[in-house]
Protein chains: 2
Amino acid sequence: MPREVTVGLHATIVAVTGAEPRVLTVSGGADDGAPALPFGPLDPDRHRTLELGLRAWVRGQTGKDLAHVEQLYTFGDRDRGGAADERARVIAVAYLALVRERHLAAGHPAAWQAVYRFLPWEDRRGGEPALLRDRIRPALDAWIAAAPAGAARRERRGRADITFGSGAAPWDAERVLDRYELLYEAGLVAEARRGGGPGDGGAASDPAGFGAPLALDHRRILATALGRLRGKLKYRPLVFELLPEAFTLLQLQRTVETLAGVRLHKQNFRRLVERGALVEGTGRVEPATGGRPAKLFRFRREVQHERPAPGVGLPGLPVADS
Amino acid sequence: MPREVTVGLHATIVAVTGAEPRVLTVSGGADDGAPALPFGPLDPDRHRTLELGLRAWVRGQTGKDLAHVEQLYTFGDRDRGGAADERARVIAVAYLALVRERHLAAGHPAAWQAVYRFLPWEDRRGGEPALLRDRIRPALDAWIAAAPAGAARRERRGRADITFGSGAAPWDAERVLDRYELLYEAGLVAEARRGGGPGDGGAASDPAGFGAPLALDHRRILATALGRLRGKLKYRPLVFELLPEAFTLLQLQRTVETLAGVRLHKQNFRRLVERGALVEGTGRVEPATGGRPAKLFRFRREVQHERPAPGVGLPGLPVADS
DNA sequence: TTTGTAATTCTCATTGTGAGCATAATGAAC
DNA sequence: GTTCATTATGCTCACAATGAGAATTACAAA
């Protein structure tokens, strides 16, 4: 008898609070202790569309309506990081959702976690993190050297240079998934060492320094989500889904930086925002945040119907603030 | 008893021949006569991954191995353009595949069709097509005028301007899906008028001038594929999957133009290709194609490991050849 | 030889991007 | 009450990328 197929709707729900991007996780019910992304099964009888199905169970679990929702990717490997299920084949349709508040309905097993706990090498706001220099690059060098000399080794070297940046190639903030997959192939993230045995390398802490693991292939999904989010910031006004109604330009910039994982040049950032006519002043000012009071702005929703790609442009290179 | 879920793997197989992008279709087995994209069901027992499943049945059907394959989107609406199936909920995972040859194993019900038969407004190589000026824009104007005056109408106007271009917004070649969906909402494509009755508006010809329909939601899938392909051309060297081993720069340019649906400035195009070090000379020349003989080039596969985004840049604006 | 068609080389103006200087407006420290 | 730290805001400059086109070269066919 053929196995059945079930469809799981996975949500990567992202908010930004305290200058950190955070993701909603539930305590992992899987075979290891790692937290998991929340998900609900598709009810083929009740959910008219996949997205509506997702919204329905998220509302049921957290009492919140999702603002921005977009489909990310469909994962369907037979053994998605856990033990293969003998009874049913599980297909995971992953979504990215953005929410403003981090408030949760009380009594839920869900919790907000800093995204960079799971992908620490992605946060370069303070320059290249020591983790990258001291641990990841050496480990990658070893992985490269482990390949037979010649084309195979050059291939590994090239991939590492492109994904993690090097002299020639800068650092492409969007290649989040490429980087995670490279670390996975090199056997450096805990998930790669999970043979299927319970508790095998799946510690929720991060002793090795290569980021805390998530259940099954959920860290891959999170990497997909962060990469997509970073890419889309450039040409869609997504940041505003994460900000309060009124905000200062510095808040806006910090939120973008937080997601992009790099610092931006303040004056140029403002030039872009103004040129794009993305915001309009409210007339009010934010009472002193430590310096000269900042004007408060609100998002001009009309831009979406005015210009083709109204995003908060990320520059090519990460640039330090002056 | 809950309905079962089955997963279909849909392939948008694209090749470029005779200065036209073509897509592989099969004669529609659905409730109308429109052709369909080929697809095969996921076998949960035999296919280890979704992509392997797709490759397996494509190989079985056409005897060909796919070169480039990427996942596009997962469609799961209950009523995906056809009559709702009472027994099973069908989820469609759509893929884009690129192939070089258009040769088909003999005796197959598949056929290559020009992509622009289904999306005629997307081909602007000869300037804005008359279809757009004479039929689509007037029809859209009527649709806009049909909305209650005020915000609703401005919203429709804005969407039409952005997706189909206007004075302010140029023409964004990548917004293929947006355009199709707008035409669908405005009730202008045949699929939108299919109530479910057989033969209802599903004629394979194109009397109304809004493109030939495909079965179910397959034209939506095709639009997704073309949009993705156009976008990815810019930062990935995908064109070369569609070209022979050796080619002239004009062949390369024509292939890009064919997919992008716009003419490009020859000199600038060559500058981009050279600057990107995407190709290398073979030393041979193409014996006269009508003028001065052209050097033959081959793709430098190494670039993929050298630079982060080695694409054949599409310019922002469509520019006539000089 | 003339003509048509491409291939190839160069210029040039305009715009966009990365960086940095200078000035203004606050609250907190002394 | 002056100084200082901190942030907002305005302006300039160099340089790279882009869009457009002139000019020149190489070949086949008429």
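Residue numbers start from 1 in every chain, and the chains themselves are labelled A, B, ... in the order their sequence lines are given, proteins ahead of strands.
- The side-chain hydrogen bond (donor to acceptor under 3.5 Å, both in side chains) with B:Glu174 is formed by just one residue from the set B:Lys234, B:Arg228, B:Arg230; it is B:Lys234.
- With sequence neighbours left out, the side chain to side chain contact (heavy atoms under 4.5 Å, CB included) criterion links B:Arg156 to B:Trp143, B:Ile144, B:Ala146, B:Ala147.
- To the nearest angstrom, P of C:dT8 lies 12 Å from CD of B:Gln253.
- The separation between A:Asn268 atom CG and C:dC21 atom P is 14 Å, rounded to whole Å.
- Under the rule for a side chain to side chain donor-acceptor pair (under 3.5 Å), A:Asp172 has no partner lying at least two apart in sequence or in another chain.
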Protein-nucleotides 26-28 of chain D N/O pairs under 3.5 Å:
from	atom 1	to	atom 2	distance (Å)
D:dA26	O4'	B:Arg292	NE	3.3

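- The CZ atom of B:Phe299 lies 10.5 Å from the CD atom of B:Glu245; values are rounded to the nearest 0.5 Å.
- Dashed line: the shortest gap from a side-chain N or O of B:Lys266 to OP1 or OP2 of C:dA7 is under 4.0 Å.
- Between B:Arg270 and C:dT9, a side-chain N or O to OP1/OP2 separation shorter than 4.0 Å is absent.
- Taking atom NE2 of B:His265 as the reference point, atom C1' of C:dA13 lies 13 Å away to the nearest angstrom.
- For the salt bridge (charged side-chain N to carboxylate O under 4.0 Å, His left out) test, no residue two or more places apart in sequence or in another chain qualifies with B:Asp134.
- Look at NZ on A:Lys295: it is 12 Å from C1' on C:dA25, rounded to the nearest Å.
- Between the CG atom of A:Leu272 and the C1' atom of C:dG16 there is a distance of 9 Å, rounded to whole Å.
- The distance between atom CD of A:Glu286 and atom P of C:dA25, rounded to the nearest whole Å, is 19 Å.
- Comparing B:Phe297 and A:Arg275 by the nucleotide of DNA chain C that holds the closest heavy atom to each, the one mapping nearer the 5' end is B:Phe297.
- Not counting sequence neighbours, B:Arg154 has no partner by the salt bridge (charged side-chain N to carboxylate O under 4.0 Å, His left out) test.
- In this structure, A:Arg270 has no salt bridge (charged side-chain N to carboxylate O under 4.0 Å, His left out) partners at least two apart in sequence or on a different chain.
- Side-chain N/O atoms of A:Arg271 and base N/O atoms of D:dG10 include no donor-acceptor pair closer than 3.5 Å.
- The nearest whole Å value for the distance from the CD atom in A:Gln267 to the P atom in D:dC11 is 13 Å.
- Whole-Å rounding puts the B:Arg263 CZ to C:dA6 P distance at 10 Å.
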